[in-house]
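Presented below is the structure to which this report refers.
What you are looking at is a predicted structure, and each value in this text was computed from that prediction instead of being measured.
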Amino acid sequence: YKSSANAEVSTRGELGYIRAFAINKDGSNYKDGNGKTVRASYSTEHHGVIAGLTPKAGERIEMSAEKIVTHNALFQGSGMDAPYDEMNIMRLKYRSSNGFGFVDGIKADLSYAADEHLMDNYSLASAYAGVTNHLGQPVRQSATSPSRMKSPTTSNTLSGKLALTSKLSSQTSIDYGLNLQNVHRHADLIRVANNNIVSYNWPNVSTDRIGVFAEALHKLTNESRVKAGVRVDKVTAEADLLNAKANPMAITPAQMYDRVYGYKGDGKANEDHWSALARYELDLAKDLTWFTGVSRTMRTADETERFFA
């Protein structure tokens with residue numbers, strides 16, 4: 001089961017608003033179809049503040065800051081649990097329906113998220129008392145075991161998007177713009193007994209995306225419309241520590257990729273992605289719309305899929 005407690009306070013005035021909130025959630029273990037306990041409990045605290053300015057009609061500037069902290073998250077199917085995770089998020093938004101020139105609407109977003117995550121195989125061992133693997137061995141290590149391991153990770157994401165709207169006629173409008181994203185991640189696997197880094201799970205990896213897009217909407221009647229759009233993304237990715245040893249006896253991430261995946265590349269990626277859509281929509285009732293369409297979407301590999309060692 002899950003339990004939660006929420007609190008919120010807000011106020012609004014002629015020139016803006018502010019809202020603060022706090023959400024606490026606790027999740028418990030559960031039993032599977034065979035009546036066996038699956039350890040999946042956790043505790044999360046989510047706090048934030050959102051402030052907005054409305055300097056004039058049709059215009060809004062919004063800033064927000066959030067912190068999400070998770071304690072003692074159990075992952076029975078994994079070799080480790082997460083005793084601690086902290087994510088801090090900051091966002092800035094701008095919205096305007098006050099046009100200028102051929103632009104009739106503006107949406108701009110900027111955000112930054114920083115996450116610190118810790119997993120280990122011993123801190124929450126008491127939750128697994130009496131649980132063994134298929135070899136009869138404990139699934140977690142004791143507080144004094146020489147096999148204690150931990151994996152601290154950091155993940156930082158910076159994103160930005162600018163979308164403009166132009167009305168070409170009373171029936172036709174077009175949304176267009178660009179977006180940027182940078183993701184940087186690093187993870188170590190550390191043997192606790194001697195505090196030695198065994199390997200770089202994420203060897204200081206980064207992914208950069210820059211994309212441009214355009215989507216047109218044309219109203220055929222009051223109940224029907226067609227949409228068409230295209231998007232182009234440029235993606236570059238790199239593992240900075242591809243050939244670095246975590247310790248003198250360790251193998252490099254490049255050697256790990258070769259052994260496990262047969263990959264012998266330079267740890268870099270450079271991709272061009274083309275996506276498109278065409279869609280027809282028909283309103284059958286107030287809350288019922290029928291549609292048909294075709295689309296093509298390309299997705300790049302994330303940092304775990306491309307670089308996890």
Side-chain angles (χ1 to χ4, degrees), residues 1-13 16-54 60-95 107 109-131 139-141 143 150-161 181 183-187 201-202 287 302-304:
Y1 69 91
K2 294 180 180 179
S3 63
S4 63
N6 305 334
E8 179 179 328
V9 60
S10 62
T11 184
R12 177 181 291 272
Y17 56 90
I18 187 169
R19 169 178 170 251
F21 64 89
I23 304 170
N24 290 352
K25 291 184 179 180
D26 294 299
S28 67
N29 301 330
Y30 65 92
K31 292 185 181 297
D32 63 15
N34 295 319
K36 295 182 178 180
T37 299
V38 178
R39 288 154 181 82
S41 62
Y42 66 90
S43 177
T44 298
E45 302 165 2
H46 183 183
H47 307 128
V49 61
I50 302 171
L53 299 175
T54 52
R60 175 168 59 94
I61 303 170
E62 184 178 282
M63 299 155 286
S64 65
E66 299 176 44
K67 174 179 282 191
I68 306 170
V69 178
T70 301
H71 298 278
N72 302 334
L74 301 181
F75 298 94
Q76 182 166 330
S78 173
M80 292 185 174
D81 303 300
Y84 186 77
D85 180 274
E86 179 179 321
M87 176 176 286
N88 291 280
I89 307 170
M90 299 185 69
R91 297 186 179 95
L92 177 64
K93 298 181 180 180
Y94 176 74
R95 300 289 186 269
K107 294 181 180 179
D109 297 270
L110 183 65
S111 66
Y112 179 73
D115 183 52
E116 294 186 1
H117 185 74
L118 175 64
M119 297 196 75
D120 68 40
N121 65 353
Y122 61 93
S123 290
L124 305 177
S126 60
Y128 295 87
V131 181
V139 296
R140 295 296 186 268
Q141 303 299 317
K150 65 180 180 180
S151 180
T153 69
T154 58
S155 180
N156 301 321
T157 303
L158 177 64
S159 301
K161 181 178 180 180
Q181 185 183 68
V183 179
H184 183 271
R185 291 179 172 175
H186 181 79
N201 293 144
W202 278 330
D287 298 314
D302 64 28
E303 292 70 34
T304 297

- [ ] Tell me, with the steps shown, if Leu110 and Met63 meet side-chain contact (heavy atoms from CB on, under 4.5 Å).
- [x] CA-CA 10 Å; Leu110 183 65; Met63 299 155 286; over 6 Å; no

Open item on the list: side-chain contact (heavy atoms from CB on, under 4.5 Å) for Lys161 and Lys107? Distances and angles first, verdict last.
Closed with: CA-CA 8 Å; Lys161 181 178 180 180; Lys107 294 181 180 179; over 6 Å; no

- [ ] Any chance you could lay out the side-chain contact (heavy atoms from CB on, under 4.5 Å) test for Ile61 and Leu92, step after step, and finish with the verdict?
- [x] CA-CA 7 Å; Ile61 303 170; Leu92 177 64; 4.2 Å; yes

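A salt bridge does not link Glu62 to Arg95: none of the charged nitrogens lies less than 4.0 Å from a carboxylate oxygen.
Applying side-chain hydrogen bond (donor to acceptor under 3.5 Å, both in side chains) to His117 and the options Thr154, Asp85, Thr70, Thr153 leaves one that passes, Asp85.
The shortest non-hydrogen separation linking Gln76 to Arg39 is OE1-N, 2.7 Å. Looking at every heavy atom in both residues, Ser43 comes nearest to Asp26 through OG-OD1, 2.8 Å. The minimum heavy-atom distance between Leu118 and Pro83, with the atom names listed, is O-CD, 3.3 Å. For the pair Ala127 and Leu74, the tightest heavy-atom approach, listed with the atom from each and the gap, is CB-CD1, 3.8 Å. Between Ile89 and Ala113, the shortest heavy-atom contact is CG1-CB, 4.2 Å.
Remark: the backbone N or O of Glu303 is not paired with any side-chain donor or acceptor of Arg185 at under 3.5 angstrom.
Atoms NZ and OG, from Lys150 and Ser123 in turn, are 9.0 Å apart once rounded to the nearest 0.5 Å.
Within 6.0 Å of CD in Glu116 there are 12 or fewer heavy atoms belonging to other residues, nucleotides or ligands.
Looking at heavy atoms from C-beta onward, Tyr112 lies in side-chain contact with Asn156 at the 4.5 angstrom threshold. Side-chain contact between Asn72 and Asp81 is absent, with no heavy-atom pair separated by less than 4.5 Å. For the pair Arg91 and Asp109, the minimum side-chain heavy-atom distance is 4.5 Å or more. For the pair His46/Glu66, a side-chain contact is recorded, criterion being any heavy-atom separation below 4.5 Å from C-beta on. Residues Asn121 and Val139 form no side-chain contact, since every pair of their non-hydrogen atoms from C-beta on lies 4.5 Å or further apart. In this structure the side chain of Arg140 never reaches within 4.5 angstrom of the side chain of Asp120, judged on heavy atoms.
Between Tyr42 and His71, the ring center distance fails the sub-6.0 Å criterion.
No donor-acceptor contact under 3.5 angstrom links the side chains of Thr54 and Arg60, judged on distance only.
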